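Remarks on the structure that follows.
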Amino acid sequence: MTTLPEITALLGEPRFNWSDPAPWIELEQEIGGEFPADFREIVNAYGSIEINKQLYLKHPATHLLHSLGETIKGDLELWREDDMTEFLPSPVGTAPGELIPVASATTGEAVFLRVPDTPSSPWRVVVQEFDSPSWTLYEMTFGEWLLAYLRGRDVTLCSRNVAPDGPFYDFLP
């Protein structure tokens with residue numbers, strides 16, 4: 001499993017370092033599902049950020065202007081519309097096999113976590129290209145997917161062209 005130190009080695013030291021589980025508990029109760037530990041660990045460390053001026057990650061703390069909870073609720077509503085469901089391999093939601101929208105990109109992609117089919121199955125990542133009906137399932141955890149992105153691998157999003165000097169991040173305003 002990918003560890004936060006590997007991501008930190010590429011992205012730089014986290015400066016958010018959130019430890020209160022309350023926003024996660026509240027959001028998970030509200031949407032009726034949970035998030036994988038690696039996703040929570042990464043988002044707790046970095047907060048609501050923009051990576052390489054391309055990829056947006058958000059934290060669920062409600063005092064933040066860019067809150068994961070508000071984003072997810074809006075995205076769940078959007079992706080449940082009849083004309084949007086055809087663009088994904090599974091419905092959005094928190095049941096086994098469904099997709100939870102957790103990140104987006106300035107280039108139009110949406111990043112989803114695929115809820116495991118069974119408690120012992122791993123979480124997976126699906127990336128949907130918003131300007132086309134194309135999507136890709138990545139047989140990796142969110143941490144593994146983010147690490148691949150930070151290393152410049154093509155995981156639908158690619159950092160090679162937007163961060164030639166290496167990955168970087170800024171807090172969202």
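In what follows, every heavy atom counts, from backbone to side chain, and hydrogens, waters and symmetry copies are set aside. This structure is a prediction, so every number in the text was calculated from the model and none was measured.
Using modelled atom types, one side-chain atom of Glu144 and one backbone atom of Thr141 make a donor-acceptor pair closer than 3.5 Å.
Inspection of the Ser67 and Glu70 side chains reveals no N or O donor paired with an N or O acceptor under 3.5 Å. For the residue pair Trp123 and Asp38, no side-chain donor N or O sits within less than 3.5 Å of a side-chain acceptor on the partner. Side-chain contact check for Lys58 and Thr71: at least one donor-acceptor pair (N or O, by modelled atom type) lies under 3.5 Å. Side-chain contact of Thr156 with Tyr138: a donor-acceptor pair under 3.5 Å is present, judged by distance alone.
Side-chain atoms of Tyr169 and Glu50, non-hydrogen and from C-beta on, never get closer than 4.5 Å to each other. Side-chain contact between Phe35 and Phe142 is absent, with no heavy atoms from C-beta onward closer than 4.5 Å. Residues Gln29 and Ile25 are in side-chain contact: their nearest non-hydrogen atoms beyond the backbone lie under 4.5 Å apart. Considering only heavy atoms from C-beta on, Val155 stays 4.5 Å or farther from Val127 through its side chain.
Between Phe112 and Trp79, the angle of the ring planes goes over 60°, which puts this pair in the perpendicular group of the 30/60° scheme. The aromatic rings of Trp18 and His63 sit parallel to each other, their planes meeting at less than 30°, with 60° as the upper class boundary.
Salt-bridge check for Arg40 with Glu34: failed, with every basic side-chain N at 4.0 Å or more from each acidic carboxylate O. A salt bridge is absent between Arg114 and Glu139: the closest approach of a Lys/Arg side-chain nitrogen to an acidic carboxylate oxygen does not fall below 4.0 angstrom.
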Q: List the steps, then state whether side-chain contact (heavy atoms from CB on, under 4.5 Å) holds for Asn52 with Phe168.
A: CA-CA 5 Å; Asn52 299 333; Phe168 62 94; 3.6 Å; yes
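The heavy-atom pair separating Leu57 from Ala103 by the smallest distance is CD2-CB, 3.8 Å.
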